[in-house]
Each structure stands twice: as C-alpha cells, then as structure tokens.
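To start, the structure under review is shown below, and the notes come after it.
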Amino acid sequence: MHSPEQPLPTFDEVLLCTPQTTAEQVGLFLRRCLIPCPGGDRIYTMLYADELSYDVSCRAEELFQRLLCYNSSYRLIILCNCERENSYLPSAFSHFKVHMIPQRSRAEMQQYLQHHFRVAQPCDSAAAVFKEHMCVGIVSSKRAGMGK
C-alpha cells in the first residue's frame, strides 16, 4: 500500500482458513509460498489460521518445517483472532509473532481500496447498486434472515 498503483493480492497469495479447510489446501498454499519461483517478491497471507482443525494445523507445521530449507527469504503473514492465539498454529509460530499497528490511517486505507474496487466504466452491472460504482460492497442487517 505504498502507492495507489500497487496491486491487491491475487487469489493464490491469500488463503482464507475455515474449520473445513483441508490439509491439501494448506499444503498447496505453503508450497507456493516456500518453493522459490520466478517473480518471487510476493507476500502470502493466511487469514484466520486459528480456525484450522488440530490435525490440519499439525500437518501444516510439519510441511512448513520440511519446506523451509528451500527458501529462507519467504514472505508469509499469518493473521489470527487475538482471542484464539492459543490454538495450535498461532502457538507453533509464536516465536515469529509481531504485534502490528496500522501505519496508515483508516481514511488512507479506504481510499486505496476504493481505487482498486471502483468499476472504471459504469455499465449495466451490480456495481451500479453500490456507492460510487464499487464492485464490492457490504450488506448487513441487525435482523437475521431478512433476505440480504
């Protein structure tokens, strides 16, 4: 986010973890992150790693340790819920823990995201529904099950 022209992460650079995430999915992600390839200045991110099952977390740590010998300059960020930092994977990587404070203001981050999520040419798309022709929007309700 150093400049507005920096691209957002691509789909293969981010793994959104859930309790249903498989060891195979985590393994493929870690291989992309830890096995060097051309154009390797990518930053990989695992979101909600604390949601992984115990078995998947154990296998992920084992694979990480095996693949680490291939690439000592990997760039991996593991984001977890601070209330669940005692689950397996956050605990296994706790010696790498860094508490982060955002370096940009909320307004700057919103402006950066708006730059990337705005539809260039207004057309007949769902972007016409959202504010300022954004291709991403959040719809919420205080009442559950009301047809969002």
Side-chain angles (χ1 to χ4, degrees), residues 1-119 126-127 129-132 134-148:
M1 203 180 107
H2 293 287
S3 78
E5 302 309 315
Q6 261 186 313
L8 291 169
T10 59
F11 71 93
D12 62 335
E13 294 174 316
V14 178
L15 179 64
L16 180 60
C17 301
T18 68
Q20 291 75 37
T21 302
T22 65
E24 180 181 7
Q25 291 169 316
V26 175
L28 290 171
F29 178 78
L30 288 175
R31 283 180 179 84
R32 281 195 299 267
C33 174
L34 294 169
I35 296 177
C37 62
D41 283 347
R42 303 170 95 186
I43 300 173
Y44 293 87
T45 307
M46 288 179 71
L47 298 170
Y48 305 116
D50 53 294
E51 295 282 330
L52 295 173
S53 70
Y54 180 80
D55 181 50
V56 171
S57 295
C58 289
R59 292 174 63 186
E61 183 195 13
E62 289 171 12
L63 180 61
F64 177 84
Q65 297 300 336
R66 277 189 280 140
L67 293 176
L68 196 54
C69 65
Y70 292 104
N71 187 359
S72 61
S73 63
Y74 65 93
R75 293 163 38 150
L76 173 64
I77 298 170
I78 301 175
L79 295 175
C80 303
N81 182 340
C82 64
E83 294 174 5
R84 293 186 42 130
E85 66 184 351
N86 293 326
S87 59
Y88 186 86
L89 210 56
S91 295
F93 289 93
S94 64
H95 55 285
F96 295 111
K97 185 188 306 186
V98 176
H99 291 280
M100 295 296 300
I101 298 171
Q103 300 297 309
R104 305 285 181 174
S105 70
R106 182 178 179 157
E108 287 176 305
M109 288 188 255
Q110 287 174 334
Q111 188 176 21
Y112 173 78
L113 292 172
Q114 285 176 348
H115 173 77
H116 287 286
F117 288 127
R118 183 171 288 122
V119 175
V129 174
F130 293 112
K131 180 180 171 184
E132 298 178 15
M134 295 291 142
C135 63
V136 174
I138 297 175
V139 178
S140 65
S141 172
K142 292 181 181 179
R143 296 176 61 196
M146 297 306 294
K148 295 180 286 297

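Just so it is clear, the values below take in all heavy atoms, side chains as well, and ignore hydrogens, waters and symmetry mates.
Here the closest heavy-atom approach between residue R84 and residue P90 is recorded as O-CG, 4.1 Å. In plain terms, the two heavy atoms of V26 and A60 that are nearest each other are CG1-CB, 3.5 Å. In terms of heavy atoms, Q25 sits closest to Q20 at OE1-O, 4.2 Å. Shortest non-hydrogen contact noted between L89 and A49 is CD2-CB, 3.9 Å. When all heavy atoms of L67 and L34 are compared, the closest pair comes out as CB-CD1, 3.8 Å.
Between the OG1 atom in T18 and the CG atom in L52 there is a gap of 8.0 Å [rounded to 0.5 Å].
For Y88, the side chain to side chain donor-acceptor pair (under 3.5 Å) partners at least two apart in sequence or on another chain are E61. H115 meets the ring-ring contact (aromatic ring centres under 6.0 Å, His included) test with no other residue; sequence neighbours excluded. Residues forming a side chain to side chain contact (heavy atoms under 4.5 Å, CB included) with C33 (at least two apart in sequence, or on another chain): Y44, Y74, L76. Not a single side chain to side chain donor-acceptor pair (under 3.5 Å) links R66 to another residue, sequence neighbours left out. Take D12 and apply the side chain to side chain donor-acceptor pair (under 3.5 Å) test, not counting sequence neighbours, and it matches T10, R42.
Residue pairs that meet the salt bridge (charged side-chain N to carboxylate O under 4.0 Å, His left out) test with at least one member in residues 17-28, sequence neighbours left out, do not exist here.
No side-chain donor-acceptor contact under 3.5 Å links D50 to the backbone of C80. Checked by atom type and distance alone, the side chain of Q65 never pairs as donor or acceptor with a backbone atom of E62 at under 3.5 Å.
The aromatic rings of F96 and F93 sit tilted, their planes meeting at an angle between 30° and 60°.
In this structure, L63 and R31 have side chains that are in contact, with non-hydrogen atoms separated by less than 4.5 Å. Contact annotation: the side chain of L28 never approaches that of L15 to less than 4.5 Å [non-hydrogen atoms, C-beta and beyond]. For the pair V14 and M46, the minimum side-chain heavy-atom distance is 4.5 Å or more. A 4.5 Å side-chain heavy-atom check between Y48 and T21 finds every atom pair outside the cut-off.
Atom CD of Q111 is surrounded by 12 or fewer heavy atoms from other residues, nucleotides or ligands within 6.0 Å.
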